[in-house]
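Below is one structure, written out as structure tokens; comments come after it.
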Amino acid sequence: MRWTMMVAMALVSACGASPATDAASVAAPTGNAGCRIPSGEGWYLCLGAARARPHLVEELRAKTDTADDAATWAGRLDVREAAAPLRDLLTHPPEHNGLVIVGPVAAALAELGDREAVPELVDLARRMENEYFTGWEEAVAALRRLGGPEAVDYARGFLVGLTDGTTAMGIDHVDEVLPIVLAADARDVLPALQALTSGGDEGFSEPTYEALMGARLRLGDEELVRRVRRELRGWEDGDPFTPDYYAEGLGDDAEDIPVLLAFAKRWSSGSEAIYDALDRTAAWLDAEGATVPAGTAGDRRRGDLARRRNELLDGLAALTARREEDREGPYNARMLVRHHATL
């Protein structure tokens, strides 16, 4: 809400008024009908965020040539009453610019958190597979944000379709749908992921192969997890060729702690996945601690878990100075924040 008001004040100010001025009475800038005549892209924004809401909704209902712009602003300004006309635009887009408008509409529905739109977004994703990549990409991005059983069903079908050739999109787009099944912990897709990677990395780009293997680990591919742990036991100095997706299989065993700390010393694109695994390890330690029996019977186990937690905390603390030194640049700065969050 605070952000919405800031946007409203900025919009009113842009039309030559102070925030305290009644936006409806503000004269438009010279040579621009602006707030006085409802025409042209985004004309209603001069009214300010609150007064613009009904005009945004009306543009969406009327399916005007500038409805895509109205959809974008409806999402940004959290215009919840726009959800129904936005859904209608998905199912009945205007003929003259239907392909152009569906992307902004999908993004707006995701911004609004409108889970009622998920079936329509699934239908859109299926249609766009053969028509318009950008529309498909926006639909799947919205499904990633909204989730739900229908979104998971779509992602599951997409992955199975890659194995039997019934999915129109290429394998390099698989990383767009994997987050949907990972968020739902949809372990029934493991056979499809195993089939896709059964021949190794041949025919895949490196990021795509690593995304698929990381998904297998996250979804509990026991054989692969055992293999990764065998390869990493005793690994401390850091092999630069060890793939970062290995971290996806770690986080539920105290013996993973030294390996993850060694991973965290590296400055790589996989650092975020490594900190995710460190967070999982901390949560696992807490969960294990909750199962320890009360009294002296659990003293030994409690002591062991406490030592392991201290090992994790001490290792992260030792990395703090290095993270502080390397904080220049947006990626490094973001990872510094993530480091402190985990610590």
Side-chain angles (χ1 to χ4, degrees), residues 75 86-87 90-91 99 102-199 201 203-225 244-245 247-249 251 270 272-273 276-277 280:
L86 284 167
R87 290 195 298 271
L90 277 190
T91 53
L99 289 180
V102 290
V105 168
L109 287 164
E111 287 275 356
L112 295 174
D114 182 30
R115 291 185 177 275
E116 287 186 45
V118 170
E120 286 92 342
L121 288 165
V122 168
D123 289 342
L124 175 66
R126 290 192 174 117
R127 293 200 314 270
M128 294 297 104
E129 282 184 22
N130 292 304
E131 281 188 60
Y132 185 49
F133 172 71
T134 300
W136 176 84
E137 196 173 32
E138 291 282 10
V140 172
L143 291 174
R144 286 199 302 271
R145 293 186 63 174
L146 295 171
E150 299 97 335
V152 176
D153 286 344
Y154 172 75
R156 182 185 294 113
F158 183 95
L159 293 168
V160 170
L162 287 173
T163 67
D164 61 19
T166 57
T167 293
M169 304 297 293
I171 187 67
D172 282 342
H173 302 302
V174 71
D175 58 331
E176 304 272 0
V177 300
L178 283 176
I180 299 173
V181 296
L182 291 176
D185 196 32
R187 301 194 170 211
D188 58 338
V189 304
L190 262 176
L193 298 178
Q194 291 164 336
L196 286 170
T197 54
S198 60
D201 59 1
F204 294 101
S205 67
E206 184 176 345
T208 297
Y209 182 72
E210 292 201 355
L212 286 165
M213 296 297 281
R216 285 178 56 182
L217 289 166
R218 283 285 302 280
L219 294 174
D221 187 325
E222 294 181 3
E223 181 181 350
L224 183 58
V225 170
D244 288 321
Y245 71 76
E248 301 284 3
E272 196 138 11
D276 286 343
R280 288 197 299 273

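Keep in mind that the numbers below use all heavy atoms, side chains included, and drop hydrogens, waters and symmetry copies.
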Review item, side-chain donor-acceptor pairs of residues 118-132, under 3.5 Å, at least two apart:
| from | atom 1 | to | atom 2 | distance (Å) |
| --- | --- | --- | --- | --- |
| Arg127 | NH2 | Leu90 | O | 3.3 |
| Glu129 | OE2 | Tyr154 | OH | 2.6 |

Report, one line per pair, each donor and acceptor closer than 3.5 Å where one atom sits in a side chain of residues 207-217; sequence neighbours left out.
| from | atom 1 | to | atom 2 | distance (Å) |
| --- | --- | --- | --- | --- |
| Thr208 | OG1 | Asp172 | OD1 | 3.2 |
| Thr208 | OG1 | Ser205 | OG | 2.9 |
| Arg216 | NE | Asp221 | OD2 | 2.8 |
| Arg216 | NH1 | Thr197 | OG1 | 2.8 |
| Arg216 | NH2 | Asp221 | OD2 | 2.9 |

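Here the CD-CZ distance, from Glu176 to Phe158, works out to 8.5 Å after rounding to the nearest 0.5 Å. Between atom OH of residue Tyr245 and atom CZ of residue Arg218 there is a gap of 15.5 Å, rounded to the nearest 0.5 Å. Rounded to the nearest 0.5 Å, atoms CG (Leu86) and CD (Glu111) are 11.5 Å apart. Considering CG of Leu224 and CD of Glu222, their distance stands at 11.0 Å, rounded to 0.5 Å.
With a 4.5 Å cut-off on side-chain heavy atoms, Asp201 and Glu206 do not count as touching. For the pair Leu219/Leu193, a side-chain contact is recorded, criterion being any heavy-atom separation below 4.5 Å from C-beta on. With contacts defined as side-chain heavy-atom distances shorter than 4.5 Å, the pair Met169/Glu137 does not qualify.
Judged by distance alone, with hydrogens and angles left aside, the side-chain atoms of Arg156 form no donor-acceptor pair with the main-chain N or O of Val189 at under 3.5 Å.
Here the closest heavy-atom approach between residue Val225 and residue Gly249 is recorded as CG1-O, 3.9 Å. The two residues Glu138 and Ala107 make their nearest non-hydrogen contact at OE1-CB, 3.9 Å.
Between Leu159 and the choices Thr167, Ile180, Val181, Leu190, the side chain to side chain contact (heavy atoms under 4.5 Å, CB included) rule is met once, by Val181.
Applying the side chain to side chain donor-acceptor pair (under 3.5 Å) criterion to Glu150, with sequence neighbours excluded, gives no partner residue.
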